[in-house]
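Just so you know, these numbers use all the heavy atoms, side chains as well, and skip hydrogens, waters and symmetry mates. Both counts, for ligands and for their atoms, begin at 1 and track the order of listing.
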Amino acid sequence: MALSRCVGTVGALLVFALLTGAQARTGAPQTAVPTLPPPTIITAQPIGDTIYPALGQAGLDVLNYDLDLFVDRPGTSELRGTAVLTLTATQPLPALSLDFLGPQVLEVLWNGLSVPYRQDQMAGKLTFNPPQPLLPGMRAEVTVRFAGRVGVRPDPDLPLDVGWQAVPAQGERVGANFTLSEPDGTRTFLPVNDHPSDPATFTTRVTVPAGYTAAASGMQQSEVAAPNGGRTFTFVQAEPIPTYALAIHVNRFERLDSPAIPVGVGGAAVIRRDYFPVGIPVETRDAYASTNEILGVLSDWFGPFPFSAYGSAIVTPRIPALETATLSTMPVTSSSVCVLVHETAHQWFGDRLTLADWSEVWLNEGFATYAELLWAQSQGENGDEVVRGWYARASRTATRPLIATTERQLFDTTAYIRGALALHAVRVTVNDAAFKTYLRGWVVEVADRPVTTADLLAYTRTRLGERAWAALRLWAESPALPPLPAKP
Ligand code: TRP
Ligand code: ZN
């Protein structure tokens, strides 16, 4: 039975919230940080996200983050390191303002020269003035050195803090750390332009003590000895990704390499590796044996896999899975094929295509949920049953138009299930070959700009015509739940 086997990620999220008694939590108070004299002018404007109006800086375009991180005591919230940001601008910027709730800043350099800065823990901003405004077409390098305890950012509706996770040692298990940052947790440990409309490339160097392995988004470039028996691992994420999709893991891992598979652009090989913490139950690994088949099925529907590597890093806390780029973060308790299908689909929708605004998050969750149906059908299951199950669920829950208006709506049943049903409403207006061309075309169409529902509507009209467009519009905009989509 498709439904009992495949409740989907939103199911896992809800079950998780129930089990743990989701309730508002407040973070630990931040210790005051001594500040240097404030910069003279602060005129930085945030990006203007409708859900998170304070995030990011308008006109700032971070091209690359070069990270040198030291995890001296895995399992704790201590982190030190250096982030070098390569910046450009789309409008003149006399002041720079990065999102940062993280450890204490020790130094900020602008193209190698020390500049005064202000670290405001309350506002979560690191602000400074460059010697000259950053102008469009110019490039600059900002170096931020920091050390101390990471910041705290409670999740909008789950009983967890997003960002840098510390998993204390327990019994046989050593202390571990990993990132779990959607929507805006990366700023708890890195100075970033923390918004999906500004994706960037990353080079991530992580130095860990003896016996530990580090893993991160992208391809591993090197592993070299560090002092006291430690190791430094370097990863290069060569394709831009949103900040929340950056994976970093520190644990005692066994890395399982599998043969590369030719699902990349032009049939390019995608490197396959999975990381299993030492000591987890062996059955946990079963789901991951399907990764290659999942990549095959999804790349048939969505087009070439957008990154040069893919796999999962398994974590031990009971939390929801997250689609971290090239390396999905998969809890032992969510190690099912269905959740893996969902997170793998997000590699296209969320990680490659990025959101223009958090209110548009159904464009991630609806497509990732829809992939669960495409997978079920590839396994010979009855797709209509899956759709009926979704519809029954959507009918039992409060509904709303697809574009979210509040933080609480971001990861609700509407984003996942009504979002998936909206895509199904488009599909039933055409044949499967046309629907496949449509999905593959969407990935290409919006590859170089952040996505909006308006873009998808316009694309649907051009590509599939009035009927498909009207169906999507109804599903996107109607206050009530439209009728069950069915072939005419
Ligand atoms: N995007 C995740 C998924 O559907 C769900 C999610 C939202 C999440 N916020 C999170 C997971 C925070 C972990 C932590 O797969
Ligand atoms: Zn999802």
Going by the 4.0 angstrom heavy-atom rule, the piece of Pro183 near ligand 1 is neither

For Glu343, the ligand 1 atoms with a heavy-atom partner under 4.0 Å come out as 3 (C), 15 (O)

The atoms of ligand 1 lying under 4.0 Å from a heavy atom of Phe411, numbered in the order shown, are 7 (C), 9 (N)

Near Tyr416 (heavy-atom distance under 4.0 Å), the atoms of ligand 1 are 2 (C), 3 (C), 4 (O), 5 (C)

Residue pairs meeting salt bridge (charged side-chain N to carboxylate O under 4.0 Å, His left out), one or both in residues 276-298, sequence neighbours left out, come to Glu254-Arg285

Pro320 heavy atoms within 4.0 Å reach ligand 1 at atoms 11 (C), 13 (C)

Of Val339, Leu322, Thr369, the one whose closest heavy atom lies nearest atom 8 (C) of ligand 1 is Leu322

Notebook entry, point to check: Stepwise, does the side-chain contact (heavy atoms from CB on, under 4.5 Å) test hold for His346 with Glu365?
Noted result: CA-CA 8 Å; His346 273 307; Glu365 299 307 341; 3.0 Å; yes

- [ ] State whether a side-chain donor-acceptor pair under 3.5 Å links Gln409 with Glu407.
- [x] no

Ligand 1 to Leu180, heavy atom cutoff 4.0 Å, flagged ligand atoms 13 (C), 14 (C)

Judged by heavy atoms only, the candidate from His342, Glu182, Glu365, Gln165 nearest atom 7 (C) of ligand 1 is Glu182

Among the N/O/S atoms of Glu365, the Zn ion (ligand 2) lies closest to OE1

Looking at Phe70, is Arg80 sitting on its ring face, NZ or CZ under 6.0 Å from the six-membered ring centre and within 45 degrees of the normal? yes

Result for ring pair (Phe, Tyr, Trp, His ring centres under 6.0 Å) between Phe189 and one of Phe100, Phe146, Trp164 points to Trp164

Q. Do any nitrogen or oxygen atoms of Asp155 lie less than 3.5 angstrom from nitrogen or oxygen atoms of ligand 1?
A. no

Taking only distance into account, with no hydrogens and no angle test, what donor-acceptor pairs under 3.5 Å do side-chain atoms of residues 167-177 form with protein atoms, sequence neighbours excluded?
residue	atom	partner	partner atom	Å
Asn177	OD1	Gly75	N	2.8
Asn177	ND2	Thr76	O	2.9
Asn177	ND2	Gln165	O	3.1

Cut-off 3.5 Å, side chains only: do Ser328 and Ser312 have a donor facing an acceptor? no

Sidechain-backbone polar pair: Arg153 side chain, Arg187 backbone, donor-acceptor under 3.5 Å: no

Atoms of ligand 1 under 4.0 Å from any heavy atom of His346, numbered from 1 in the order shown, are 3 (C), 4 (O), 15 (O)

For Glu323, the atoms of ligand 1 under 4.0 Å from one of its heavy atoms are 1 (N), 2 (C), 3 (C), 15 (O)

